[in-house]
Amino acid sequence: MKKIRSLCTVVVTVIGILIWFGFFSQSGEADFNKGNNFEKQGNYKKAIECYEKSAEDNYAGAYTNLGVLYLKGKGVNINYNKAFKYFKIAAEKGDGAAYNNLGVCYTGGYGVDIDYEKALNCYKKAVDLGYEEAKERVKELENILYLIEEN
């Protein structure tokens with residue numbers, strides 16, 4: 001019984017230390033949620049501040065949302081290169097929405113050269129990661145590529 005108590009004490013202590021050093025930090029998610037609330041209110045400057053804090057904690061959604069704001073110029077000047085960079089970081093972290101947005105960048109030439117094949121691959125990856133909205137884009141782009149090949 002003493003061994004179990006000692007083991008429990010060690011486990012609780014280790015978890016406490018890990019939390020203290022941010023290994024189980026939920027502040028990234030909390031800052032992300034705050035950013036979403038500010039964005040919904042139209043307070044883009046505050047949203048960006050929160051997303052940047054969240055991104056410091058490597059929260060993928062924060063990078064995606066920062067990319068969207070730079071893509072659309074909300075609270076910042078439009079910067080397609082920065083938007084693409086943020087989408088790429090979030091995609092590398094497995095964010096389906098980021099892959100979808102990379103597809104948008106490749107389709108429209110936002111921060112990169114237009115490349116329909118890369119766009120299609122991004123949309124397919126977004127679908128694989130559960131981002132359902134990309135399914136329609138996959139169909140549309142496959143049809144476009146088919147028409148291009150036919151001509």
Side-chain angles (χ1 to χ4, degrees), residues 12-151:
V12 168
T13 302
V14 169
I15 290 173
I17 291 169
L18 292 173
I19 289 171
W20 177 261
F21 285 105
F23 288 97
F24 296 122
S25 174
Q26 292 184 341
S27 65
E29 185 176 2
D31 287 328
F32 174 79
N33 290 334
K34 286 180 197 172
N36 270 335
N37 289 332
F38 283 123
E39 188 175 349
K40 287 175 188 171
Q41 297 167 10
N43 189 342
Y44 300 112
K45 295 288 185 194
K46 282 283 194 188
I48 289 167
E49 288 175 21
C50 292
Y51 292 147
E52 286 174 344
K53 279 185 187 177
S54 180
E56 288 173 13
D57 286 335
N58 284 314
Y59 195 77
Y63 288 106
T64 300
N65 286 17
L66 282 167
V68 170
L69 294 176
Y70 277 99
L71 186 69
K72 294 181 176 182
K74 294 194 173 193
V76 292
N77 292 324
I78 289 175
N79 187 328
Y80 298 138
N81 292 328
K82 227 174 195 178
F84 183 82
K85 180 187 94 173
Y86 283 132
F87 294 146
K88 193 146 178 69
I89 292 168
E92 289 168 356
K93 296 178 180 308
D95 189 276
Y99 274 105
N100 181 72
N101 291 333
L102 284 174
V104 169
C105 289
Y106 282 118
T107 302
Y110 302 114
V112 291
D113 292 332
I114 292 174
D115 187 327
Y116 296 128
E117 291 294 332
K118 285 184 181 178
L120 183 60
N121 289 335
C122 288
Y123 292 138
K124 286 181 176 180
K125 182 68 174 177
V127 171
D128 290 345
L129 290 169
Y131 193 78
E132 296 295 315
E133 293 172 36
K135 283 183 179 180
E136 194 59 38
R137 291 205 165 119
V138 168
K139 289 179 194 175
E140 291 169 359
L141 201 48
E142 284 177 337
N143 288 336
I144 290 169
L145 289 171
Y146 174 77
L147 293 173
I148 290 172
E149 283 181 21
E150 288 295 305
N151 293 324

K.L.:
Looking at side-chain heavy atoms only, is the closest gap between L71 and I78 below 4.5 Å?
P.N.:
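No, side chains not in contact.
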K.L.:
Has N101 got a side-chain atom pairing as donor or acceptor with A97's backbone, closer than 3.5 angstrom?
P.N.:
yes
K.L.:
Ignoring hydrogens and angles, state whether a donor on the side chain of N121 or Y106 is under 3.5 Å from an acceptor on the partner side chain.
P.N.:
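There is no such pair between these side chains.
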K.L.:
Taking atom OH of Y80 and atom NZ of K72, what is their separation to the nearest 0.5 Å?
P.N.:
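Separation between the atoms: 11.5 Å.
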K.L.:
Can you list the steps and then say if K124 with E142 is a salt bridge (Lys or Arg N to Asp or Glu O under 4.0 Å)?
P.N.:
CA-CA 11 Å; K124 286 181 176 180; E142 284 177 337; 3.7 Å; yes
K.L.:
Is the shortest side-chain heavy-atom distance between Y116 and I148 below 4.5 Å?
P.N.:
yes
K.L.:
Give me the atom names and distance for the closest heavy-atom approach of G35 to A47.
P.N.:
O-CB, 3.4 Å
K.L.:
Does the side chain of Y123 come under 3.5 Å of the side chain of T107 through a donor N or O and an acceptor N or O?
P.N.:
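There is such a pair (donor and acceptor under 3.5 Å, judged by atom type) between the side chains of Y123 and T107.
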K.L.:
Using side-chain heavy atoms (C-beta onward) and a distance below 4.5 Å, is Y86 in contact with N65?
P.N.:
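SC-SC contact between Y86 and N65 ruled out.
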K.L.:
Is there a side-chain contact between D31 and Y59 (heavy atoms, below 4.5 Å)?
P.N.:
no
K.L.:
May I ask you to check whether over 12 heavy atoms, not counting those of D113, lie within 6.0 Å of atom CG?
P.N.:
no
K.L.:
With side chain to side chain contact (heavy atoms under 4.5 Å, CB included) as the test, would you mind laying out the steps for D95 and L129 before giving the verdict?
P.N.:
CA-CA 7 Å; D95 189 276; L129 290 169; over 6 Å; no
K.L.:
Looking at L102 and C122, what are the two nearest heavy atoms and their distance?
P.N.:
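For L102 versus C122, the nearest heavy atoms are CB-SG, 3.7 Å.
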K.L.:
Which heavy atom in T64 sits nearest to a heavy atom in A90, and how many Å separate them?
P.N.:
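Heavy-atom minimum between the residues: OG1-CB, 3.1 Å.
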K.L.:
With a 6.0 Å cut-off (strictly less than), is the heavy-atom count around OH of Y110, excluding the residue itself, greater than 12?
P.N.:
no
K.L.:
Do V68 and K74 have side chains that get closer than 4.5 Å, going by heavy atoms?
P.N.:
no
K.L.:
In plain terms, say whether K34 and E39 are close enough for a salt bridge, that is, a side-chain N and a carboxylate O under 4.0 Å apart.
P.N.:
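Between E39 and K34 there is no salt bridge, as every charged N stays at least 4.0 Å from the carboxylate O atoms.
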K.L.:
Between A83 and G67, what is the shortest heavy-atom contact and its length?
P.N.:
CB-O, 3.2 Å
K.L.:
What heavy-atom pair brings A98 and A91 nearest, and what distance separates the two atoms?
P.N.:
CB-N, 3.5 Å
K.L.:
Are the side chains of Y63 and N58 in contact, using a 4.5 Å heavy-atom criterion?
P.N.:
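The answer is yes, as the side chains (C-beta and beyond) meet within the 4.5 Å cut-off.
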K.L.:
Let me confirm one number: the OH-NZ distance from Y70 to K85, rounded to the nearest 0.5 Å.
P.N.:
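If we round to the nearest 0.5 Å, Y70:OH and K85:NZ are 8.5 Å apart.
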K.L.:
Please name the pair of heavy atoms, one in Y51 and one in F32, separated by the smallest distance, quoted to 0.1 Å.
P.N.:
CE2-O, 3.6 Å
K.L.:
Sort out for me which residue in K125, E133, E132, R137 forms a side-chain hydrogen bond (donor to acceptor under 3.5 Å, both in side chains) with N100.
P.N.:
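Running side-chain hydrogen bond (donor to acceptor under 3.5 Å, both in side chains) over K125, E133, E132, R137 with N100 returns exactly one hit, R137.
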